[in-house]
Undergrad: 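Here you go, one structure.
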Amino acid sequence: MIVYQELVLQWLVPLGAAMKLPVLAVDEVQGDTPITHLAYDVVEPYIDCTPQEREKNDKLYKLVDMEWRLFIRGASRMSRVEKCREVIGWLSTVGVDALDEIPAALVRIHAPRWEMQGDKEELIVQVRLRMQDQFIRKLPLNETIDDVKWRPQENA
């Protein structure tokens with residue numbers, strides 16, 4: 001089962017600690033925070049990549065991708081560029097090992113880009129992760145519909 005908060009605690013908080021930056025959800029940031037920090041958002045939380053076949057077991061497994069955006073916020077543009085390089089380095093090395101513990105896999109680190117957020121330009125690193133999800137079937141599964149009696153409706 002995917003627990004997004006676990007990803008934050010086991011993957012992003014250690015990233016912030018390594019960068020010596022506080023880690024905040026985008027919606028936790030209050031106005032113009034002058035402190036340099038790392039903000040995150042899950043822009044695509046559940047991209048189902050499972051081959052489309054009918055599961056007939058009690059457990060249904062899904063292969064799921066998700067897109068995370070990491071906002072590197074700070075005072076000077078050049079300090080954000082330097083932090084961006086450090087973030088990508090951490091994600092590519094220590095971050096991959098941290099994801100093994102969750103378990104998740106790093107699929108892709110997109111090229112960093114500058115984007116206007118309100119009246120501020122922010123440096124964003126977008127990361128795609130892949131995980132396995134699982135659902136338990138609560139109702140009994142009917143293998144066939146042979147037992148269903150079909151009767152045409154009569155016109156009134």
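Residue indices begin at 1 and follow the sequence shown.
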Undergrad: What I'd like to find out is whether the side chain of E115 reaches to under 4.5 Å of the side chain of E122, using heavy atoms alone.
TA: no
Undergrad: Tell me the salt bridge (Lys or Arg N to Asp or Glu O under 4.0 Å) pairs involving residues 75-93, sequence neighbours left out?
TA: R77-E121, K83-E86
Undergrad: Nearest 0.5 Å, what's the CZ-CG distance between R73 and L123?
TA: 11.5 Å
Undergrad: Partners of R128 by side-chain hydrogen bond (donor to acceptor under 3.5 Å, both in side chains), sequence neighbours excluded?
TA: D65, E67
Undergrad: C84 and V125: which non-hydrogen atoms are nearest, and at how many Å?
TA: SG-CG2, 3.7 Å
Undergrad: Tell me the closest heavy-atom pair linking I136 and K59, and the distance in Å.
TA: CD1-CG, 3.5 Å
Undergrad: Please indicate whether M116 has more than 12 foreign heavy atoms, meaning atoms of other residues, nucleotides or ligands, lying under 6.0 Å from its CE.
TA: yes
Undergrad: Which residue pairs satisfy the side-chain hydrogen bond (donor to acceptor under 3.5 Å, both in side chains) criterion with at least one member in residues 41-51, sequence neighbours excluded?
TA: Y46-D133, D48-T50, D48-K62
Undergrad: Quick one: does F71's side chain get under 4.5 Å of L24's, heavy atoms only?
TA: no
Undergrad: Going by atom type alone, with no hydrogens or angles, which donor-acceptor pairs under 3.5 Å involve a side-chain atom of residues 90-107 and a protein atom two or more places apart or on another chain?
TA:
| residue | atom | partner | partner atom | Å |
| --- | --- | --- | --- | --- |
| S92 | OG | I88 | O | 2.8 |
| T93 | OG1 | G89 | O | 2.8 |

Undergrad: Using 0.5 Å steps for rounding, measure from the CG atom of L70 to the CD1 atom of I124.
TA: 9.5 Å
Undergrad: Does any non-hydrogen side-chain atom of V64 lie less than 4.5 Å from one of I47?
TA: no
Undergrad: With a 3.5 Å cut-off and sequence neighbours excluded, list the donor-acceptor pairs that the side chains of residues 1-19 form with protein atoms.
TA:
| residue | atom | partner | partner atom | Å |
| --- | --- | --- | --- | --- |
| Y4 | OH | P45 | O | 2.6 |

Undergrad: Mind running side-chain contact (heavy atoms from CB on, under 4.5 Å) on V26 and R69 for me, showing each step along the way?
TA: CA-CA 10 Å; V26 168; R69 293 176 98 192; over 6 Å; no
Undergrad: What distance do C49 atom SG and M66 atom CE have between them, rounded to the nearest 0.5 Å?
TA: 10.0 Å
